[in-house]
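Here is how names work: the chains are called A, B, and so on, in the same order as the sequence lines, proteins then strands, and each is numbered from 1. Side chains are part of it too, since the values below use all heavy atoms of this structure and drop only hydrogens, waters and symmetry mates. What you are looking at is a predicted structure, and each value in this text was computed from that prediction instead of being measured.
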Amino acid sequence: MGNDKKLTLQSEDFSAWYNEVVQRAELADHSPVRGSMVIRPWGYGIWEHMQSALDVMFKETGHENAYFPLLIPMSFIEREKEHIEGFAPELAVVTRAGGKELEEPYVIRPTSETIVYSMYAKWVQSYRDLPVLLNQWANVIRWEMRTRLFLRTSEFLWQEGHTAHATAEEAEEETLLILELYRKFMDEWLAMPPITGLKTDSEKFAGAVSSYSCEALMKDRKALQTGTSHFLGQNFSKQFELTFQSENGKEEYAWNTSWGVSTRLVGGVVMTHGDDNGLVIPPRLAPTQVVIIPILAGEETSEVLAKADEVLDQLKNTGVRARIDNRDHLSPGAKYFEWERKGVPFRVEIGPRDLEKGQLALVRRLTAEGESRRAFVPEAEAIAKLPEKLEEFQDDLLEAARVRREDSTVRGVGSLGELEEAFDSGAGFVYTGWSGDPAIEEMVKERLKATIRVLPSQEFRSVTAPSRCVSGDRESVAEVVWARAY
RNA sequence: CGGGGCGUGGCUCAGUCCGGUAGAGCGCUGCGUUCGGGUCGCAGAGGUCCCCGGUUCGAAUCCGGGCGCCCCGACCA
C-alpha cells in the first residue's frame, strides 16, 4: 500500500481499494494478533454514532441494556446440539487461569444465548415475569480462518438482543419487529438500504428455528449480511429449563429471540458509499460533519483564524459537528485530500478573499456531474443552510444506494443458464423461483459462487411470483434472492 | 489444512541470480520559504537485512532447519 498518494481504483481492484481506504482513512489497523484489529478514533467515532442511534431505537421499543460475562462454561455451549455444531470450530477456549489448569474450560463467548437463557431461567417464574427484553453491547470472539478489517475479524464489537416470551406468536412478532427496526436504522442512518427476508436452513443461525436477515448491496455488487434476527423457538429454553407458570397454571417453556448487528456495519458503509478519492461518510454517522480549512496567508493569518473560530462556534450552535484544521505545516491542498479521503461530508474554506467579501467557500464531498465543486456563499447563509445541506447529502446517499441496488437487481430469472448469465453480466441481486431443495443451493454455490441470501419479505417480492424452480424441472415454493456474498 | 508469494529504516520496495562492510521514494525532526487542490530548499535522525545453525578471509546475498505474514480455495456477523 505504502504512502503512494493515490488509492487503488475501485474498478481496478475493489478489495485492494477497501484495504487501503480503511487504513489510510485511519478507521482501523491490524493488531499484532492475527485476525484482530485496532479500531482507531475515526472508525470508532462512526461506530459510536451507530450505537447511540440503535440504543435509542431499542429503548423506544421497550428493551433495556444489561451485561453478561465474557467467559462461558464449556458445558453451556455444548448443551444445544446445533448450536455447538455451528460454533465448535471457531471457539477460543481458556484452559488455564490462576496458574492452574481449570477443571472445566471456559469458552470466550462467540455469542451469549447459553449464558443469557441460563440466567433467565433463574429470573423467570411466572408469565407475569415475561417478556424479558434485554440487549447487551459487547465484544465476541470467533476464530475465523480468513479475516478482513471490519468485515470479518476474530474479535468484533456488536449488540446482541435476547428476549423471552410467553407465546410463539409474541416471539415471532419480536423477531420481525427487530428486523424492521434494523432496516429502518440502515436506511435512515447508514443510507445503506438492505433487502430483508428469511434465511434458508443452510444459512440460518446455529440453534435457531428461523433466521431473518438484512442484506445490503455493496458497490462491487456483492451482498453483505448486515444484521440478523432469529426466532429461537424453545430450543434454548428447553436446554436451560427456562420455564414459567402460565395463566392457567401450567408449566411451559418460554419462547426466545436473539438479534444482532456488529462493527461489520462500518465496513458496509465504506463499501456502500466510498469512491476513488476515499471514504464518504453519511452525515449522521460522521464524527466530523464539516471541517473548516483556514487559508493562512501572510499578514492576514490571525484575522482568518479568528473568523474560522467564529464560524466554528456558530456551526456548533446550529448542532453541526465541526472542527478546524489549523495545522500550519500542510498546504490547504494537502488538507483537502486528507479530509476527502476521510469522508467528511462538507468542507468550509476561509481565506483572505472571503473575509473581504463576507463569504465562505463551501465544498461538498460529492458533487453532481457538471456542478462546480466550490460554491461561494454569504457567510450567514452558509452557516444557516449547512444543517439542511447535511440532511440533503444524507438523503442523496440513500437514494443513490437505492438506485444502485435496483439497477443491479434482476428479476424473473427462470433457468440456471439465465442465472449464470445474470451474474456474468454484473448482476447483484437475482430473483428466481425455488423448489425448496437444498441440493439446488449447493449446486449453484458450487458452480456460480452465489448463494440464496433470503426468501424476500413481502415488499421485496416480484409482482408475479415465479412458478418454476430455477433448476427448471420442479414447481417453485418460494421466490428467492441470489447473490455473491461477503 | 491444500496451492502460490513474501520477510531489508515508520511505510512501499530495490539490492539476492553472480558473496566485498546497506540504498531509494514516501513519511519523520529542525530551520527557512510557501499557503484558494498533494509547496519548495537546506540540514538531520532512523536498520539485530525474521530467527538459529552451516559454508567462507568475508553472508542481506550461498546451504540446512525453524518462525511469521500476505494472497487464492474449504468455514463464517
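- With rounding to whole Å, A/Glu356 atom CD is found 17 Å from B/rG36 atom P.
- Nucleotides of RNA chain B nearest to A/Arg353 and A/Lys449 differ in position, and the one nearer the 5' end is that of A/Arg353.
- Counting non-hydrogen atoms under 4.0 angstrom, A/Ser15 reaches nothing in the nucleic acid.
- Look at CD1 on A/Ile141: it is 15 Å from C1' on B/rA77, rounded to the nearest Å.
- Put simply, OG on A/Ser210 and CG on A/Leu198 are 6.0 Å apart, with the number rounded to the nearest 0.5 Å.
- No donor-acceptor distance shorter than 3.5 angstrom exists from the side chain of A/Arg148 to the backbone of A/Gly35, with no hydrogens or angles considered.
- On the C1' atoms, B/rC52 is 25 Å away from B/rC17, given to the nearest whole Å.
- Per the geometry, CZ belonging to A/Arg364 stands 21 Å off P belonging to B/rG37, to the nearest Å.
- B/rG38 has its base stacked against the ring of A/Phe337, the centroids being under 5.5 angstrom apart at an interplanar angle below 30°.
- Within 4.0 Å of A/Leu224, counting heavy atoms only, lies no atom of the nucleic acid at all.
- Residue-to-nucleotide contacts include a donor-acceptor pair under 3.5 Å from the side chain of A/Glu340 to the base of B/rG37.
- Spacing between B/rG68 and B/rC42 at atom P, rounded to whole Å, works out to 46 Å.
- In this structure, A/Arg374 and A/Lys204 both approach RNA chain B, and ranking their closest nucleotides by distance from the 5' end singles out A/Arg374.
- In the set B/rG37, B/rA77, B/rG38, B/rG38 carries the atom at the smallest distance from any side-chain atom of A/Ala334.
- Using a 4.0 Å heavy-atom cutoff across all strands shown, A/Arg148 reaches no nucleic acid atom at all.
- A/Leu330 has its CG atom 13 Å from the C1' atom of B/rG37, to the nearest Å.
- One C1' atom belongs to B/rU8, the other to B/rA60, and the distance between them is 7 Å to the nearest Å.
- Across every strand in view, B/rG23 sits in a pair with B/rC13 that passes the Watson-Crick or G-U test at under 3.5 angstrom.
- Residue A/Phe156 is in base contact, counting any heavy-atom pair closer than 4.0 Å across all strands shown.
- B/rC50 and B/rG27 are spaced 23 Å apart, taking the C1' atom of each and rounding to whole Å.
- Using a 4.0 Å heavy-atom cutoff across all strands shown, A/Arg347 reaches at least one base atom of the nucleic acid.
- Comparing B/rC35, B/rC75, B/rG36 by their nearest atom to the side chain of A/Leu296 picks out B/rC35.
- The side chain of A/Lys445 lies closest to B/rC75, out of B/rG38, B/rA77, B/rC75.
- Taking the side chain as every heavy atom from C-beta outward, A/Ile293 and A/Asn326 never approach each other to under 4.5 Å.
- One interatomic measurement links the two molecules: CD of A/Glu442 to P of B/rA74, which rounds to 11 Å at whole-angstrom precision.
- Base pairing annotation: B/rA43 forms a Watson-Crick or G-U wobble pair with B/rU29, both donor-acceptor distances under 3.5 Å.
- For the residue pair A/His162/A/Glu160, the side-chain donor-acceptor check at 3.5 Å is satisfied.
- Just one residue in the list A/Thr226, A/Val269, A/Ile46 forms a side chain to side chain contact (heavy atoms under 4.5 Å, CB included) with A/Leu190, and that residue is A/Val269.
- Nucleic acid contact for A/Gly260: none, since no nucleic acid atom lies under 4.0 Å from a heavy atom of the residue.
- Nucleic acid contact class of A/Gln225 (heavy atoms, under 4.0 Å, all strands): sugar-phosphate only.
- Atom-to-atom, NZ of A/Lys357 to P of B/rG36 comes out at 16 Å; the value is rounded to the nearest Å.
- Going from the P atom of B/rC49 to that of B/rA59 covers 11 Å, rounded to whole Å.
- Taking a 6.0 Å sphere around OH of A/Tyr106, one finds it holds 12 or fewer heavy atoms contributed by other residues, nucleotides or ligands.
- The gap from the C1' atom of B/rA14 to that of B/rA22 amounts to 11 Å, rounded to the nearest Å.
- In this structure, of B/rG37, B/rA77, B/rG36, it is B/rG36 that holds the atom nearest to the side chain of A/Asp354.
- Remark: B/rG73 base-pairs with B/rC1; criterion is Watson-Crick or G-U wobble with both hydrogen-bond distances under 3.5 Å.
- Rounded to an integer number of Å, the gap from NE2 of A/His329 to P of B/rG38 is 16 Å.
- With a 6.0 Å radius and a threshold of 12 heavy atoms from other residues, nucleotides or ligands, A/Glu381 has its CD atom above the threshold.
- The C1' atoms of B/rG20 and B/rC67 are separated by 30 Å, rounded to the nearest whole Å.
- Closest to the side chain of A/Ser262, from the set B/rG36, B/rA77, B/rG38, is B/rA77.
- For the pair A/Arg453 and A/Phe429, the NZ or CZ position fails the cation-pi test of under 6.0 Å to the six-membered ring centre and within 45 degrees of the ring normal.
- Here, B/rU61 and B/rG54 have their C1' atoms 15 Å apart, quoted to the whole Å.
- The CD-P distance, from A/Glu338 to B/rC35, rounds to 21 Å in whole Å.
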